[in-house]
Structures are given as structure tokens and as C-alpha cells.
Visitor: 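Here's a structure for you.
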There are 2 protein chains.
Amino acid sequence: MIELRHLRYFLAVAEEGHVTRAAERLGIQQPPLSQQIRALEREVGESLFRRLPRGVELTDAGRTLLEKVRLILRDVDLAVDAARRTARGEQGRLAIGFTGSAAFHPLVSSVVRASRQASPDVALTLEEGGTSDLIEALRAGRLDAAFVRAPVDGATGLVVEPILIEDMVAALPEQHRLAGGTGRIRLADLSEEAFILYRRPSGPGLYDGIIAACRAAGFSPRVSQEAPRTVSTLSLVAAGLGVSIVPESMARLETNGIAYARLDDAPGLGAPLHLAYREARPGGALGRFIARVRESRGD
Amino acid sequence: MIELRHLRYFLAVAEEGHVTRAAERLGIQQPPLSQQIRALEREVGESLFRRLPRGVELTDAGRTLLEKVRLILRDVDLAVDAARRTARGEQGRLAIGFTGSAAFHPLVSSVVRASRQASPDVALTLEEGGTSDLIEALRAGRLDAAFVRAPVDGATGLVVEPILIEDMVAALPEQHRLAGGTGRIRLADLSEEAFILYRRPSGPGLYDGIIAACRAAGFSPRVSQEAPRTVSTLSLVAAGLGVSIVPESMARLETNGIAYARLDDAPGLGAPLHLAYREARPGGALGRFIARVRESRGD
DNA sequence: CGATCATCAGACGTTTCAGATATGGATCAT
DNA sequence: ATGATCCATATCTGAAACGTCTGATGATCG
């Protein structure tokens, strides 16, 4: 069976044109080198060198082999390097998912941008979807990690790492009586308003949190409408159909026709951001990505 | 040091997803296979498999390596095959030289054509030149074999193999008094003619043979002109400047204005064709070429 | 929930083979 | 002729690749 050793020795002898010198270069003695060359010739079934009184000389077959052997030995090194780079996460594929409400958080976009820049050889694909869809995609291996909001129920076997908790703000129509003030209102002020919230199944966590906070503030919110996606709720608010409570990071979007107001009396109300992934100790591109998320958490 | 063994084992385990099954497929036991995989991982510096309760699974680094390893193992086989094909002469380079007078012999052209057809992967280059030039090129390695005419003097160290001896014919101007008869004349009939022969240094053999044959026929030829190349002599004959003696195979060329006549009284006069080459026992493309020449000799 | 099965890793003995040393034989230069 | 150079052959040694046995671990099933 041909081994790389044979090819390495062959290359040395071919380049030196000299068994003894090649042996020195390889750090072995001449006889074993002669043996290995002979073994290679036996494997190939053809003589690769012409033995001359002064050194050796490639035959036609040897010349043909030499060209290919150079490439093969180079390819072996390249393959190992590529594997190492992949392990270090400088190369590979990375599929990241996020819920609609997480898409606008500066941490998410900045981490994605920084990752793409730091590891240009990592093919980074992004996918938006409902939390339950993301969890399923994660479990099926279609995603490597996903930014989700509330603690996920069916997440057994997945690692769900809390990243941060951002405040929730009230989104009001611009013409609303509470808009345009100090920018700070009390949740209780909204007790009589029509609420527009995202539909339950796609994001169970935030919905429940908002209801609970209202209860704590002394009223049960009247939910007039449920929108399929977080962004849609803002459109409905802008249209004047009601008010909503959204994560702070969404305040930077859809400002036309919407006024945002901080909530003073809702201490327990927050929008958590989690990163979910499959393996306990991910390495490679995913590991680097997660590490980068953790670093950004401090900002 | 990484060996092909490691890569072959790695491929088997990766494809089976199972150390024990891979070991069976490889015809070895499981523990040594585990060891070799571990050794490969140590060489690469990264873990290539994730050990599961049921089999093993490639890591990202392993997946990257797998793709390359497949190509490498295939390339090794291809390289060996290519070397074998080169040795058998189905591939490679072949530089053949020939003197101007040999270029028109049907054996030369048919062998070249047949070789090109039978071994399309052999790059066959042809070069015309004077005999001494060819010998020098042969010795310098610029040519692999050369068709030459007469026994070469400075051919020590070269193999000069006689291929055939063809008759010489007289080339006469069309209007010549001897032309247009039976097509057979006697050499002695030309005793008063002006002779046009090729210059000596480029082809020493034929010149001497002609002079000797004339002497044997009872006269010493009057050489009126010497042409630098064999083909040129025919042009001069066609122009009516004299007669010449040329190898029979040249009679198929330059027939405008030239009449050829066989010689009845020149038994010893012939144009030998030799094939010269460097090595005593050439193999590969050259070996096949020489064998083909020998076969064609019978025709 | 314990027993069994499957799978991988580790320890140890054996064998194989790459490599070292010594020697022989051929060619070339002095 | 003689020494130098270089490759081939013969024999020996040591490392490592392989085999067998065993242990550990997690999954499956009654």
C-alpha cells in the first residue's frame, strides 16, 4: 500500500537526483531510502528512476508521477490547514435565526456584522421566523443558533442562554393624548386603551409578560387585535387602532406616526433575549459566534 | 507525520459513522482503528469526530477534511495510473527527428501517423534537420529518436538500428535523352552527365555511396553542384542543371519536370534508413514507437 | 428500574516493517 | 591500478501498528 512516506521520499530523490543526498535531506540513511523507493516502484509496477553511475534520473513515468506528487503533498497540507481553520471557526457555514422582534436589536445586527467581517470565509445565512419555527429548525439542524425572546417551553435538549433583558416601551399613535409629554407614562394610564399585541403561538413569552404586568398595575388589558408579526403591530398602532407594548429596541423603527413612551411602573416587565443552540460546548464558527455574542452583552 | 493510512481510515470511519463497522470494512480490529483516528486528530490538532453513544459523527473540521481527503485519495490513484500509462507509452512526450530525405519515405510517415492515432495522449513533435544536427540533438536530449540515412560516424553511445535499405533511382530532367524510355537505365549511361548531389557534411553517407557506385560502374562522376538539402537537388534537376541519384521514396515528390529511372547496374547502391536513439532498452512512448517502426519494416 | 446489548477507549503482548549498520559491486577519476 | 563515489544487498534493531482482552458508558427492553 502506497503511503505518503513513499511520495515524500520520492520527491526528495527526484529533486536531488541523488539517493544519498536525498537521504541526508530527509534525515535517514541511504539504504532504507533505496528500499522505500524500490517499494514504491513495486507498488506502481514501473521503474521510476534510471540508476546512473553518478546519481539517479527520472524515467518518463517518474516525471509524470513527480508532477502529481507535488500537488498531492501540497493538497494534504492544505486539507489539514483547512480543517484547522474550520475548527477555529474561520471557515464554514453558520445559519442563524432570529424572531422578528430580535432583528432590530443593535446587539444582533452588530454581532452579525462583526462576525461577517472577522470571518469572511464563514458563509453566514440569516433566517427570520417565529420562535417555535426557529426552535424546530434548530432541532432539525437547519439552524445553528437562534435569537429568541422568552424562555422557550419545548426547548429540552437545547441550550438556551440568556443574553440580556431590555425594557419594554409603550407605542402610541402620534395623536394620542399621552403622546408628546415627558416621554414617560405609567402603565396604569393605559388601562382603558385598546391593546394590539402579537399573536400568541408565534411568541408565547412576551404576550404573557405584558398581560401579567397589566394585572400587576391593576387592570386587565382589552386586547382589540392580534397581529401576526411584531412589526405589524406597529403599523396598526400608527393607523390609530390602539396602543402596544414593544421591546425598546423596536423604537428605532417605524417612527412615522408613532410615539414611544417609557413605562415608569412596570419593573418586572422586560423583553428577554436568548440565544439558543444545540450542543453544550460548540466549537468552530458557532463557538466563535457565541463568544462574540457574550462579549457584546456587556455593551 | 500524517500518512495515507490515516486518511484511508478516516474516510472509512467518516463514511460508516461507526468505528467498529469501519474496522470491519478495513479488515482490521476496532481498537487500532480508534488509535489511528486519535493519532490523526493529534496531528491535525483538532478533534475530527464527536463520540456518540451510537457511533461517531463528524465535527465541522472533520467535514471539511473529509471533502479534501476524498480528492486526495482519488488523486493518488490517478497519479499512479498516469505514471503507469506513461511507462506503457500511452502518455508523454516524444520528439522524433528525421533527415530531409527520410521525410518522404512511406514508413516514416505511416509510423508517425499510426503512433499519433494509437496514443493520442503522447505529444509527438517532429523535427527535420541534417544528420549531424540530429545526432547532436539526440545526444543533448532534445530528441528521443531520429531517422537518419547512412551509418553515422560520431554515434558512439547511441543505438543506431538499421531499418531498411531502399533502392536509389536516377532523377533526370524531363527533356533528357534518357528520360521517357523503359524507365530503366544503366548507371554507366550517366558517365558523361553533370551530377547534382547533396552537400557532404549534412549527409556524409549517401554521397560516398554514390561516388563508390559510379566508380564500380567504371567512371568518376563529375559533380557540377552540391545542394544544401536533398529536396533542393530535385529542384536543380527539374531546372535542367544536371542529373542526380536519390532514394526511391523521393520519386513521389517533385514530379513536375523530373523523370525517374531505375538503375540496373548498381547492386551495391542503396539508401539505408536507420533509427537512432539514446538508450539501449527504451521503454514508454519511445519503446512503443520503436516497436512500431520494427513492425512496419516488414511491409 | 435493573439487565442486557452495543460501542468506544485503554492495557498489554505480538508481529511487522521502517530504519540503522556493515558490506559488496560498479563506475569514474586520478 | 587505486581510491572515491554511489547504489544495492544482507542482517539486525526498535518503534509502532495490529490483535486480544477488558473496562466504562450510555441506550434499549422487558
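We name chains A, B, ... by the order of the sequence lines, and we start the count at 1 in each one.
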Visitor: Between C1' on C:dT21 and CG on A:Leu33, what's the gap in Å once rounded to a whole number?
Guide: 16 Å
Visitor: Can you tell me if B:Gln35 touches the phosphate of D:dA16, counting only side-chain N or O atoms and a distance under 4.0 Å to OP1 or OP2?
Guide: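 No.
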Visitor: Please state how far atom CD in A:Gln29 lies from atom C1' in C:dA20, giving the value in whole angstrom units.
Guide: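 Rounded to whole Å, this separation is 6 Å.
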Visitor: Would you indicate, yes or no, if C:dA18 has its OP1 or OP2 atom less than 4.0 angstrom from a side-chain nitrogen or oxygen of A:Gln36?
Guide: yes
Visitor: Residues of residues 1-24 of chain B with any non-hydrogen atom less than 4.0 angstrom from an atom of DNA chain C: list those, numerically ordered, please.
Guide: B:His18, B:Val19, B:Thr20
Visitor: B:Ser34 side chain N/O closer than 4.0 Å to the phosphate oxygens (OP1, OP2) of C:dA9?
Guide: yes
Visitor: For the backbone of A:Glu46 and the side chain of B:Arg84, can you confirm whether one donor and one acceptor N or O come within less than 3.5 Å of each other?
Guide: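 No: the side chain of B:Arg84 does not pair with the backbone of A:Glu46.
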Visitor: Which sits closer to the 5' end of DNA chain C, B:Gly55 or A:Pro53, going by the nucleotide each is nearest to?
Guide: B:Gly55
Visitor: Is it the case that the ring center of A:Phe289 lies less than 6.0 angstrom away from the ring center of A:Tyr277?
Guide: no
Visitor: Taking all heavy atoms of A:Leu138 and all of A:Ala146, pick out the closest pair and write down the distance.
Guide: CD1-N, 4.3 Å
Visitor: Could you check whether atom CD of B:Glu67 has more than 12 heavy atoms from other residues, nucleotides or ligands sitting under 6.0 Å from it?
Guide: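 Check fails, neighbour count at 12 or below.
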Visitor: Looking only at the side chain of A:Arg54 (C-beta and beyond, no hydrogens), which of the listed nucleotides D:dA27, C:dA9, D:dC6 gets closest?
Guide: D:dC6
Visitor: Does the B:Arg297 side chain pair with the main chain of B:Leu164, one donor and one acceptor, at a distance under 3.5 Å?
Guide: no
Visitor: Who are the salt bridge (charged side-chain N to carboxylate O under 4.0 Å, His left out) partners of B:Arg8, not counting sequence neighbours?
Guide: A:Glu3
Visitor: Do A:Gln30 and A:Ser34 meet the criterion of a side-chain donor-acceptor pair at a distance under 3.5 Å?
Guide: yes
Visitor: Answer yes if the side chains of A:Thr86 and A:Gln91 hold a donor-acceptor pair under 3.5 Å, and no otherwise.
Guide: yes
Visitor: D:dC18 C1' sits how many Å from B:Ile28 CD1, rounded?
Guide: 8 Å
Visitor: Can you pull out the residues from residues 37-52 of chain B that lie within a 4.0 Å heavy-atom distance of DNA chain C?
Guide: B:Arg38, B:Arg51
Visitor: Counting the atoms with a prime plus P, OP1 and OP2 as sugar-phosphate, which does A:Pro32 contact under 4.0 Å by heavy atoms, base, sugar-phosphate, or nothing?
Guide: base
Visitor: Just the rounded figure in Å: distance from P of D:dA17 to CD of B:Gln30.
Guide: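 Distance, rounded to whole Å: 16 Å.
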Visitor: Side chains of B:Arg149 and B:Ser101: is there a donor and an acceptor less than 3.5 Å apart?
Guide: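 The answer is yes; a qualifying pair exists.
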